[in-house]
Amino acid sequence: MQSKNLFIMCLLTLMSTLSIKNAYAQNTPPKPAACTTAPPGFIRGGTFTVSSSRCSEPDDPNREVAVRYLDDGVVPAFPSSVQYVYDFSDDIDITAAGFTGEYAAFTGGSWNSSKILTPGGHWVLQIAEINGQKYISCGPRAAEVIRVDPPVANIFSCDGTSVTIKIEENEANKHNRYKIEWGDGTEKIVDVSTGTLPFEETHTYSGVLARIAVTGSYIRNNYEICVTNPEIKDPNVINTPIINGLTSSNGGANISFKNFSSDGVFTVQVAEDLGSNYTWSNQGVATSDTYAVTGLKEDSKYCYRVLTLDPCGNEVPSNIVCDLTLSATQSSSSDATIRWVLPSNPSGTPQQLELLKDVEGCDDCLNSLPLFSNLDDYFEDLNLECSEVYNYQVTARYAIEINGNTEFVTIASDKLDVDPLTGSTKIIPNGLIQATYMGNDDSAIKLVVLDQSDISQYHFFHKSPSDADFVSIGKSTGNTFTDIAVIPSSGKYCYKYQLEDACGIKSDLSPEFCTVFLSYEGNTLNWTDFTFPNTIITSTDAKYTIESYNEDFGAFLPEFWTNDLTKGVGYLISNATEPTIKFRITAQQVVESQYLTDYAIVSYSNTVEMPIPADIFIPSAFSPNGDGENERYEIKSKFVESGTITIFDRWGSILYKDDLDGRGWDGTSPKSNEPVPSGNYTYKISGISLAGEAFSRNGILTLLK
C-alpha cells in the first residue's frame, strides 16, 4: 500500500514539474510556502485530484474546477472533515484564530468540492482533520483554467509570389504551439515551448497565393490541449487598425482601437468636424491600443483616425469616428432637457443608444434613462432635486463594415454636470407673454405668461415710453399679473418676465413682448405692430381688426380687418351719429413654440376717442321774395355745442348776428328794417363742437330777388 502511494506521489510531482515548465500561456502564482513546509499545528499529508474542463472561450472564460480527496498513505485514517482554500497564497494565514476554508461535501464515498475559477493558475490548499489533527496539502500542481483565444497573425504579401506571416507577442497569443497551413498542402509547426514570440516566416508559392489558416494550442504534460478554431485569412487583406471606442472630453478624447502591433507605428490623427472634408493633423503615436487626445479647442467637435503603414510601406488608415456632443438646458431647477448630437461619422441610426444619469457622491445611483427609440435626440428629466448634482453621459453603438467584416464602435459623450442649486445650467424662459389692455379700461394691462416651466414664482418687468430700460413692477406665484402703473395714451408698453424656481434660482429675463398702441391723425388710425421675438415661430402674419364702441350694445363691434398698421375711417366719421367714436384694435397672431402649436394669441390695444368735427350745412344763396320758399338764410348744423353767425355788407357793417340754431336772416337791414338789395354778402361762423373743438367758417352768400 505504501509503495503504491509513493508511486502516485512521484508521478504527480513529475506532472507538476512538466506543467510549470509549459505554463507559458497562463500566469501561475508562486507555490505558497505552506505547501512545502507545514506551519505550526499542521502536518503535511493527504492529497487530492483536480479535474476540470479547463479550456474556456473568450466570451465565457471561467470554468468550474472540481477537487476530490485522496489518501496518500501518510494520513493515518480517513478524515472526519475536509476543507479547501481556493486561490491559496502566502498572504492567507491558516493559523489565524477561527480560520476556516470551504468545507467539502461527503459524496460517492469521499470528500468533494468545486468552485468557478478564472483563467490562470490557482493553488488549492486541502485541510483534512483526523482526531483533532489537521493535515494539509496543496496537491501536486496548481489548478488551471485556459482561455482559448484565437491566434492573432499578420499575413501579407508585397510581391504576389510569397506570403509573410508574423505572430506577435501579445495578450491573445499565449499559446504553446501554432500550426500554420499555407493552403498549398504544406504546413509549419511553431513550438513556442522551445522558443519565444514574435515568430516570422515567409513562404513562397509556385502558383497563385492561397488562403492561410493559423491554429493555436496548448501543451500540458506533452499533450496538446485546448486547440483553437483556425483563423483563416487571405494574404491580401490588410490588418487595418479599427477604432472601436471613443469617449469625448472637453478639449480631447480617449480612443481605443483593434489590431495594434508593437512593431508598427500607429499615428493618431485629429481633424475638426466641419463636414466630410477633413484636414488631418498628427496628434501623436500610440504605444498601445488606447490613446488619450489632449490640447484640442474646447467646445469644438472633432473627428479621429489611426494611421499606420502596412508591411509593404503603404498607408493604412482606420475608420473615422467623431465626437458625440451633449448639452443641457433648464426651465427650472427640477427640470433639465438633455440634448445630444450624434456623430457625423459613423452616420445613420445607432444600433444601441443609452443615456446614463448619475448623482455625485452616490455609489449606486447610476442608471439608464428610458429612451423612446434610437432616433431620440433629447430627454426631459423632470426629477431633479436642489441638493443634488447630476451628471449625464450618452453612448451610441454602431455596426460598421471594414474589409467585408462587421465591426462595432461605441462612442460616448463627455460627462455633463447639471447643478440645479448653483444654476450651472441656465434656466431659459421658453414661453411668451400675452400683454393686452383690459377691454374698455386703459388704466391697466393684463399679462398672461404662456410657459409650462415648473417654477414657484414669476417676476415681471415693464418699459414704459418714458423708461430708458425695463423696471420691476411685481411678482406672482401664478402666471398672470395686472400692471396698474400705466399712463393711458402715453405709448406702447413692453414687458419681460423672469422665472424663479423652488431652489430660488432665477432665470435670465425673457425676450420682450409689447402691447399694440393705437393713435390717430385726422381721420386715420395708426397702431404699432403685434410681433414676437425670434424665439417664437409665427405661422401666420398678424391680423388686425378695427373695432368701434356701440353704445346700444355696450360693446366693441368689428368694423374692418387688415394686415396693415394704418386705416382711414372717414366713412365711419361721415355716418357718425355721436360726437365721438371710440376705437380699439384687436390683434391676433397664430404662433408655434416649444409649448404651443397653432395657438392664437389675441391682444387688445388701448382705446382712443376720435372726435367728430362739427358738421355745418351753409347755403350758398337764399331768395327772400315773398314766394314762401327759401325766405331765410338758415344754417343747418350737427355736433355743435354752441355757435354764432355774423353777416356783413360790402362795407363791413353787420347786417345779422345770431346763434347758429336761430331763426336765420330774413334779408333785411337791422337799421332800416328794410330789405337789402340783391347781391353778395360775406358771413363768418364760429363755435364749439360737441367734442369740444373750436371751429370757424368764412364765405360769401348770394341774396336773390
Give the minimum heavy-atom separation between [X] and [Y], together with the two atoms involved.
| X | Y | answer |
| --- | --- | --- |
| Tyr278 | Cys303 | CE2-SG, 3.5 Å |
| Ala435 | Leu447 | CB-CD2, 3.7 Å |
| Leu324 | Ala396 | CD1-CB, 3.8 Å |
| Ala485 | His462 | O-CE1, 3.5 Å |

What do you reckon, is [atom1] of [X] surrounded by more than 12 foreign heavy atoms closer than 6.0 Å?
| X | atom1 | value |
| --- | --- | --- |
| Phe470 | CZ | yes |
| Lys582 | NZ | yes |
| Glu360 | CD | no |
| Glu401 | CD | yes |
| Lys446 | NZ | no |
| Ile484 | CD1 | no |
| Ile487 | CD1 | no |

State, yes or no, whether a side-chain contact exists between [X] and [Y] at a heavy-atom distance under 4.5 Å.
| X | Y | result |
| --- | --- | --- |
| Glu578 | Ile612 | no |
| Thr395 | Ile411 | no |
| Leu572 | Ser574 | no |
| Thr308 | Thr267 | no |
| Ile618 | Ile685 | yes |
| Leu356 | Val394 | no |
| Ser476 | Phe460 | yes |
| Thr515 | Asn606 | no |

With no hydrogens and no angle check, do the side chains of [X] and [Y] hold a donor and an acceptor under 3.5 Å apart?
| X | Y | value |
| --- | --- | --- |
| Asp441 | Ser443 | yes |
| Thr566 | Asn526 | yes |
| Glu641 | Ser689 | no |
| Thr607 | Asp442 | yes |
| Thr349 | Asn374 | no |

[X] side chain to [Y] backbone, donor-acceptor under 3.5 Å:
| X | Y | value |
| --- | --- | --- |
| Asn367 | Asp358 | no |
| Asn319 | Ile243 | yes |
| Gln393 | Lys415 | no |
| Asp60 | Glu57 | no |
| Ser605 | Ile585 | yes |
| Ser249 | Gly252 | yes |
| Asn259 | Thr240 | yes |
| Thr436 | Ser603 | no |
| Trp280 | Tyr304 | no |
| Thr410 | Gly245 | no |

Residues 495-505, side-chain donor-acceptor partners within the protein, below 3.5 Å, at least two apart:
residue : atom : partner : partner atom : Å
Tyr495  : OH   : Asp483  : OD2          : 2.7
Tyr497  : OH   : Gly431  : N            : 3.0
Tyr497  : OH   : Asp451  : OD2          : 2.7
Gln498  : NE2  : Ser507  : O            : 2.9
Glu500  : OE1  : Gln457  : NE2          : 3.3
Glu500  : OE1  : His459  : NE2          : 2.6
Asp501  : OD1  : Ser333  : OG           : 3.4
Asp501  : OD1  : Cys503  : N            : 2.9
Asp501  : OD1  : Gly504  : N            : 3.2
Asp501  : OD1  : Ile505  : N            : 3.0
Asp501  : OD2  : Ser333  : N            : 2.6
Asp501  : OD2  : Ser333  : OG           : 2.8

* Asked: Hey, would you say the Trp527 and Tyr544 ring centroids sit under 6.0 Å apart?
  -> yes
Tyr604 ring center within less than 6.0 Å of Tyr437 ring center: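 Distance test on ring centres: not under 6.0 Å, no.
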Practice prompt. May I ask you to decide whether Lys258 forms a salt bridge with Glu407, counting only side-chain N to carboxylate O separations under 4.0 Å?
Written response: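 Answer for the salt bridge query: yes.
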Taking Lys357 first and then Asp381, would you say they form a salt bridge - that is, a charged N and a carboxylate O separated by under 4.0 Å? yes
Residue set satisfying side-chain hydrogen bond (donor to acceptor under 3.5 Å, both in side chains) with Ser464, at least two apart, ordered chain then number -> Ser466, Asp467
By side-chain hydrogen bond (donor to acceptor under 3.5 Å, both in side chains) - contacts of Tyr458 (at least two apart)
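If we apply the side-chain hydrogen bond (donor to acceptor under 3.5 Å, both in side chains) test to Tyr458, skipping adjacent residues, there are no hits.
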Worksheet entry | salt bridge (Lys or Arg N to Asp or Glu O under 4.0 Å) partners of residues 528-548, not counting sequence neighbours, each pair once |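 Listed by first then second residue: Glu547-Arg584.
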Here the salt bridge (Lys or Arg N to Asp or Glu O under 4.0 Å) pairs for residues 288-298, sequence neighbours left out, are Glu272-Lys297
Find the distance between [atom1] ([X]) and [atom2] ([Y]) and round it off to the nearest 0.5 Å.
| X | Y | atom1 | atom2 | answer |
| --- | --- | --- | --- | --- |
| Leu450 | Gln434 | CG | CD | 6.0 Å |
| Tyr291 | Ser288 | OH | OG | 10.5 Å |
| Leu274 | Thr279 | CG | OG1 | 7.5 Å |

Q. Can you check side-chain contact (heavy atoms from CB on, under 4.5 Å) on Ile616 and Ile635, steps first, answer last?
A. CA-CA 7 Å; Ile616 304 171; Ile635 303 298; 3.4 Å; yes
Thr524 and Val569: CA distance, side-chain angles, deciding distance, side-chain contact (heavy atoms from CB on, under 4.5 Å) verdict
CA-CA 6 Å; Thr524 301; Val569 290; over 6 Å; no
- Message: Between Leu296 and Val270, does the side-chain contact (heavy atoms from CB on, under 4.5 Å) criterion hold? Intermediate values first, please.
- Response: CA-CA 9 Å; Leu296 303 181; Val270 179; 4.0 Å; yes
**Request:** Mind telling me whether Phe257 and Phe266 have parallel, tilted or perpendicular rings, with 30° and 60° as the class edges?
**Result:** tilted
Contacts satisfying ring pair (Phe, Tyr, Trp, His ring centres under 6.0 Å) that involve residues 377-403 (not counting sequence neighbours) are none
Exercise. Does the cation-pi check pass for Lys636 over Phe617, that is, NZ or CZ under 6.0 Å from the six-membered ring centre and within 45° of its axis?
Worked result: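 Verdict for Phe617: no cation-pi partner in Lys636.
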**OP:** Using the side-chain contact (heavy atoms from CB on, under 4.5 Å) rule, take Thr337 and Gln330 through it: C-alpha gap first, then chi angles, then the decisive distance, then the call.
**Re:** CA-CA 6 Å; Thr337 300; Gln330 282 184 245; over 6 Å; no
